[in-house]
Amino acid sequence: MTDYTAHEQALDRDCLTLSRHVLQQLQSFDADAQDLSALMNRIALAGKLIARRLSRAGLMEGVLGFTGGVNIQGEDVKKMDVYANEVFIAAFKQSGLVCRLASEEMEKPYYIPENCPIGRYTLLYDPLDGSSNVDINLNVGSIFAIRRQEGTDLDGTAADLLQNGHRQIAAGYILYGPSTMLVYSMGKGTHVFVLDPSLGEFILAIENLQIPASGSIYSVNEGNFWAWEEPIRNYVRHVHRQPGYSARYSGALVGDIHRILMQGGVFLYPGTQKNPAGKLRLLYEAAPIAFLVEQAGGKASTGTQPLLDVVPDHLHMRTPLIIGSPENVALVESFIQPTPANATVTQV
Ligand code: AFP
């Protein structure tokens, strides 16, 4: 390879920004493609602002710790949760792109009336998932999904959002780790971008990421062992007896899923006897992640049905989640719904 070619390749790579990649994916410069490209650019801007604040959080006053408030989920709100939520809203004001935003931190969708005549999309997001990691400088993430607004939603109930996960146009996450990464899909594969701080741009790192068909990592909060239903306990007992499995769990979904996407294995957040729907929210946590993982060749399930088939009955509905390499997910399902064909494997 000549120096000239290497130079050209480096330039090409550095120019493969997120917005350009979206246009390439859609193979079009029409209004829809321009809108989606601009939308992803705004999400990226929100990610860069959050990453910047996180990187200096330990040095600034009033960034870490709790606000003293409680969100719609009954969880204590952190100052960074509020900041991250507001950043997404600010990034979309006067954008003409989305009429509504719906997030974990807001009981009802947030309307941007000046965008509504033209903004045909809704952004669903968890602005700072895993925020219990923030105060100790461990990984956290933002999760997002874009859905088309159907109808005018004149009564402001956002009833059109109560549809299954196949209706997502795009979904992804931003991982705030040693580097900031953005992973997204528009239904044409799953693609990984890394924030180059010197350019201030997300640059394509991996196109068409493929999850391994199986993996040796299981990621679950085993502190809940005695709260689970027996089939999940049996699965984990089974794993304990198999050589080669490793447990990895950070308490922040985005980081745990990123590991599974890259290296294979399974992430579980099952329901408990007390809370059969588990902890994770469908519309802005589980469904976007399921969309991404399936686009990478993985599988996502509630244990009894494909995750993307679930129709929520309200905005903040929770769901059990079993997700990752297809073989690992199928094995967990075989414990939950044993059939004669898999009866031997579920013996513990
Ligand atoms: P927080 O945002 O309240 O830290 O919750 C994070 C989360 O929604 C998800 O990111 C984790 O996978 C899961 O909860 C961890 O929950 P447990 O602490 O119950 O294991």
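Along the sequence shown, residues carry numbers from 1.
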Ignoring hydrogens and angles, tell me if any N or O in the side chain of [X] forms a donor-acceptor pair with the backbone of [Y] under 3.5 Å.
| X | Y | result |
| --- | --- | --- |
| S19 | N41 | no |
| D30 | A33 | yes |
| D135 | G65 | yes |
| H191 | Y184 | no |
| T302 | Q305 | yes |
| D160 | Q149 | no |
| H316 | E107 | yes |
| Q27 | Q24 | no |
| N115 | G96 | yes |
| S37 | L23 | no |

Minimal non-hydrogen separation, [X] against [Y], with atom names:
| X | Y | result |
| --- | --- | --- |
| S185 | Q295 | OG-CG, 3.1 Å |
| L308 | A290 | CD2-CB, 3.9 Å |
| L16 | F193 | O-CE2, 3.8 Å |
| R100 | P109 | CD-CB, 4.4 Å |
| P270 | W228 | CG-NE1, 3.5 Å |

Indicate, with yes or no, if [Y] and [X] share a hydrophobic cluster defined by side-chain heavy-atom contacts under 4.5 Å among Ile, Leu, Val, Met, Phe, Trp and Tyr.
| X | Y | value |
| --- | --- | --- |
| L261 | L321 | yes |
| I169 | L161 | no |
| L282 | V254 | yes |
| L128 | M106 | yes |
| L26 | L18 | yes |

Is any side-chain heavy atom of [X] closer than 4.5 Å to a side-chain heavy atom of [Y]?
| X | Y | value |
| --- | --- | --- |
| D196 | E201 | no |
| K48 | T180 | no |
| S142 | I50 | yes |
| I289 | Y173 | yes |
| N85 | Y125 | yes |
| E327 | K299 | no |
| I232 | F225 | no |
| L123 | R147 | no |

N-O pairing of [X] and [Y] below 4.0 Å:
| X | Y | value |
| --- | --- | --- |
| E230 | R237 | yes |
| R248 | D256 | no |
| E150 | R167 | yes |
| E285 | R318 | no |

request  = Could you label the plane-to-plane angle of the Y245 and Y218 rings as parallel, tilted or perpendicular, counting under 30° as parallel and over 60° as perpendicular?
outcome  = perpendicular
Is there a donor in the side chain of [X] and an acceptor in the side chain of [Y], or the other way round, less than 3.5 Å apart?
| X | Y | result |
| --- | --- | --- |
| H21 | E207 | yes |
| D309 | H166 | yes |
| H258 | Q263 | no |
| Y235 | S334 | no |

Cation-pi geometry met for R53 and Y83 (6.0 Å, 45°) = yes
inquiry  = Between S131 and D81, does the side chain to side chain donor-acceptor pair (under 3.5 Å) criterion hold? Intermediate values first, please.
reply    = CA-CA 7 Å; S131 55; D81 286 322; 3.1 Å; yes
key: Steps toward side chain to side chain donor-acceptor pair (under 3.5 Å) verdict (Y269, T319)   = CA-CA 9 Å; Y269 207 110; T319 178; over 6 Å; no
